[in-house]
Amino acid sequence: MQANGAGQGQDSELSCLNNSAQNGESSSAGGAHTNVNGLSTTNNGNSVSNNIGIPAASNNAVSSDANSVKKKKRLSQSEEDVIRLIGQHLHDLGLNQTMDLLMQESGCRLEHPSATKFSNHVVEGEWDKAESDLNELKALMHSPSAIVVSPTVLQLRMKFLLLQQKYLEYLEDAKILEALQVLRAELTPLKYNTERIHILSGYLMCSHAEDLRAKAEWEGKGTASRTKLLDKLQTYLPPSVMLPPRRLQTLLRQAVELQRERCLYHNTKLDSGLDSVSLLLDHACSRKQFPCYTQQILTEHCNEVWFCKFSNDGTKLATGSKDTTVIVWHVNTSHQLKLMKTLEGHAYGVSYLAWSPDDTYLIACGPDDCSELWLWNVQTGELRTKMSQSHEDSLTSVAWNPDGKRFVTGGQRGQFYQCDLDGNLLDSWEGVRVQCLWCLGDARTVLASDTHQRIRGYNFEDLTDRNIVQEDHPIMSFTVSKNGRLALLNVATQGVHLWDLHDRVLVRKYQGVTQGFYTIHSCFGGHNEDFIASGSEDHKVYIWHRRSELPIAELTGHTRTVNCVSWNPVVPGLLASASDDGTVRIWGPAPFLDVQDAEGLNGTDLFYWSSYFH
């Protein structure tokens, strides 16, 4: 890792010993004494002594070692950086003698002597000495942000942090007069961050130490809070003077996360720790660990299956068919699906389904010529509401408000309603020919795609609307990511498009899928919604990594158009697809992983996949 540009002029002085000290060389006459990172040597006798348990050696041996060291090449900046990173990690592990030997043999310094002295004074709570050290460090300071700040201002900020800690420790020790002295005579005269000083003064009213720690969100006097303070202070010093805390671990963690992010098939939670991974192998997931394999084929429907949707808690799957039924399936602990309930009576067939936020209710809509909407209680199987405002209506889409007490529905004949659970009309919007609907998390904005090849945002509270997405071809359906930032569109003759709703820009066009003028529903899915899946008119299911336009998997097995896909929101290795061939397919990883595939998994991932099948 290249050192920060600030303080480059002092790098050779700060990071490594110069000239005769380079690479551990040292010589002087008449009892000269050298101390490098805790290692001491004298050459006025027949022995060399040290303080880290290294056996004494003769002068001849020392001379021989010195001659061999002289032949070593000068360390590059990156090599010095690596040595310092290793030295810091050894120090954090308590292997100080090993660290001292590494620094002595390489001729490097772990940190600037002034920084070492400053760190010790902070950890020991010697505030006056630490404040004095700031004067020595002033010339070495640099701004931690892109905005250039003078060393004087940086010193002021560091001094404020020191005095704040000093003040809080006095308060915890019930030394009120000393704390007042710091507040009035040291903090206030700085004329810096007066708002924070007002807050600090309020802590004088705390009745006991626990109250102070809670209100100040502070760990209390001791090593923990002082170490945290030192981490903050370090940001004002260049890494050539003092390394950022736990820097080697940070770099290793970043490397592991980057490998996982670049892994096309990675579909499990990213563990931020390093204990669950092997640093000796690159991370790689096999396609066999991905939901590309048919686990079940559900054949209970007797006609085309138009829609499927997992419940929000992942324990149920609802499927709607041209055969006029909705089937609710239970997902058991082994991730097998069992028929739970059949909901009948949808005369026009069922082309769209929506679970309520708490999964208590399920709304079913029909095709274009359907003017009715059914609201079912899933647990009891009872029909709570059968809504129809007019026989001329077309209610083909529905979306729940996040409060679970209202929903919006509409269709291509110009209906756009907001209703309560009993089907009572609360609001309506005239003249909007709705193709698909979605309620955003703000509980106010409803997104609706219409026959003008666009998605608009409608606010039923202040009756305002605005254009968000404009396509050049009809939007057959769309869905929105959990964070409300991204929208996935199935666009007639174009395929699957990803839009950023905040910036209102087209992010990516995904290739491979065959999309005509049939309504096909795609979905986000997998861990962190890193993947996208869609049905297709060529009888396949396509899966893409969200960042890649080319599909990473094409799933075959259906024999007619795949109308809808749904990814389980809780089990990232479970995917469902509904087709005109009358079946619903459940996709998962390969039932058995060979040794080579298992080696691509770290400890956490292996636990996940082993538990997946048991």
Side-chain angles (χ1 to χ4, degrees), residues 265 267 287 290-298 301 304-312 314 316-322 326-327 329 331 335 337 350-355 397 436 438 475-482 486-492 495-498 508 510-516 518-527 529-546 548 551-589:
Y265 296 109
N267 193 26
R287 187 179 187 271
F290 204 69
C292 299
Y293 302 86
T294 300
Q295 305 290 315
Q296 274 185 277
I297 303 176
L298 310 179
H301 285 294
E304 299 172 358
V305 186
W306 287 340
F307 201 84
C308 62
K309 185 71 173 178
F310 280 105
S311 60
N312 298 294
K316 294 178 283 293
L317 174 72
T319 56
S321 171
K322 186 178 180 180
V326 172
I327 298 180
W329 311 82
V331 182
H335 306 131
L337 275 70
V350 179
S351 61
Y352 197 85
L353 295 164
W355 291 91
S397 185
C436 192
W438 194 275
I475 300 172
M476 306 308 296
S477 69
F478 75 93
T479 186
V480 177
S481 60
K482 290 179 181 178
L486 301 173
L488 195 61
L489 285 60
N490 284 73
V491 183
V496 180
H497 291 179
L498 181 69
R508 196 161 284 111
Y510 297 101
Q511 302 177 24
V513 68
T514 303
Q515 169 76 65
Y518 287 115
T519 299
I520 292 177
H521 299 272
S522 57
C523 69
F524 293 96
H527 177 70
E529 294 192 322
D530 284 335
F531 302 98
I532 285 167
S534 178
S536 177
E537 293 179 19
D538 63 1
H539 315 165
K540 297 179 182 178
V541 174
Y542 287 83
I543 301 177
W544 302 266
H545 196 286
R546 202 168 67 190
S548 176
I552 62 172
E554 298 178 16
L555 312 186
T556 59
H558 286 294
T559 58
R560 294 182 64 186
T561 294
V562 180
N563 299 305
C564 184
V565 292
S566 179
W567 214 304
N568 191 296
V570 176
V571 183
L574 205 59
L575 177 70
S577 58
S579 170
D580 281 348
D581 64 11
T583 69
V584 176
R585 283 183 175 252
I586 307 301
W587 308 86

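Numbers for residues simply follow the sequence, beginning at 1.
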Listed partners of Asp581 passing side-chain hydrogen bond (donor to acceptor under 3.5 Å, both in side chains), at least two apart: His558, Ser579, Thr583

Arg546 CZ to Asp530 CG distance, which is reported to the nearest 0.5 Å: 5.5 Å

Student check: side-chain heavy atoms of Leu555 and Leu575 closer than 4.5 Å: yes

Distance, nearest 0.5 Å, that separates CD1 of Ile586 from CG of Leu337: 4.5 Å

Spatial distance of atom SG (Cys436) from atom CD1 (Ile475) [nearest 0.5 Å]: 9.5 Å

Non-neighbouring partners of Asn563 that pass side-chain contact (heavy atoms from CB on, under 4.5 Å), sequence neighbours left out: Trp306, Thr561, Asp580

Greater than 12 external heavy atoms within 6.0 Å of Lys316's NZ: yes

Exam field: side chain Glu529 to backbone Lys482, donor-acceptor pair closer than 3.5 Å: yes

Donor-acceptor contact present, side-chain Arg287 to main-chain Cys292, <3.5 Å: no

Exercise: identify the closest heavy-atom pair between Ser321 and His301: CB-ND1, 3.2 Å

Short side-chain to backbone donor-acceptor contact, Gln295 and Pro589, under 3.5 Å: yes

By ring pair (Phe, Tyr, Trp, His ring centres under 6.0 Å) - contacts of His539 (at least two apart): none

Residues Val584, Ile327; criterion side chain to side chain contact (heavy atoms under 4.5 Å, CB included); working and verdict: CA-CA 11 Å; Val584 176; Ile327 298 180; over 6 Å; no

Check: His335 and Asn568 side chains under 4.5 Å, non-hydrogen atoms: no

All ring pair (Phe, Tyr, Trp, His ring centres under 6.0 Å) counterparts of Tyr510, not counting sequence neighbours: Trp544

Candidate pair Val541 and Arg585, rule side chain to side chain contact (heavy atoms under 4.5 Å, CB included), full reasoning: CA-CA 10 Å; Val541 174; Arg585 283 183 175 252; over 6 Å; no

Sidechain-backbone polar pair: Ser566 side chain, Phe310 backbone, donor-acceptor under 3.5 Å: yes

Shortest non-hydrogen contact from Asn490 toward Ser522: OD1-OG, 2.6 Å

Those residues that, when tested against His521, pass ring pair (Phe, Tyr, Trp, His ring centres under 6.0 Å) (two or more places apart): Phe307, Tyr352

Heavy-atom check, side chain of Ser534 versus side chain of Ile520, under 4.5 Å: yes

Gap between atom NZ of Lys322 and atom OG of Ser351 - 0.5 Å precision: 12.0 Å

Straight-line distance of Thr479 OG1 to Phe524 CZ, nearest 0.5 Å: 6.5 Å

N/O donor-acceptor pair under 3.5 Å between Thr319 side chain and Cys308 backbone: no

Trp438 side chain to Phe478 backbone, donor-acceptor under 3.5 Å: no

Heavy-atom side-chain proximity of Val496 to Gln515 below 4.5 angstrom: no

Least distance between heavy atoms, Asn267 atom then Gly526 atom: OD1-CA, 3.1 Å

Thr294 side chain vs Trp587 backbone, donor-acceptor pair below 3.5 Å: no

Exceeds 12 heavy-atom contacts within 6.0 angstrom, atom OH of Tyr293: yes

Heavy-atom side-chain contact between Ile543 and Tyr265 under 4.5 Å: no

Spacing of CD1 belonging to Ile552 relative to CD1 belonging to Ile532, to within rounding of 0.5 Å: 10.5 Å

With Asp538 via side-chain contact (heavy atoms from CB on, under 4.5 Å) - residues at least two apart: Thr514, Ser536, Lys540, Tyr542

Closest non-hydrogen atom pair, Leu574 against Pro291: N-CB, 4.5 Å

Exercise: identify the closest heavy-atom pair between Val305 and Ala578: CG1-CB, 3.5 Å

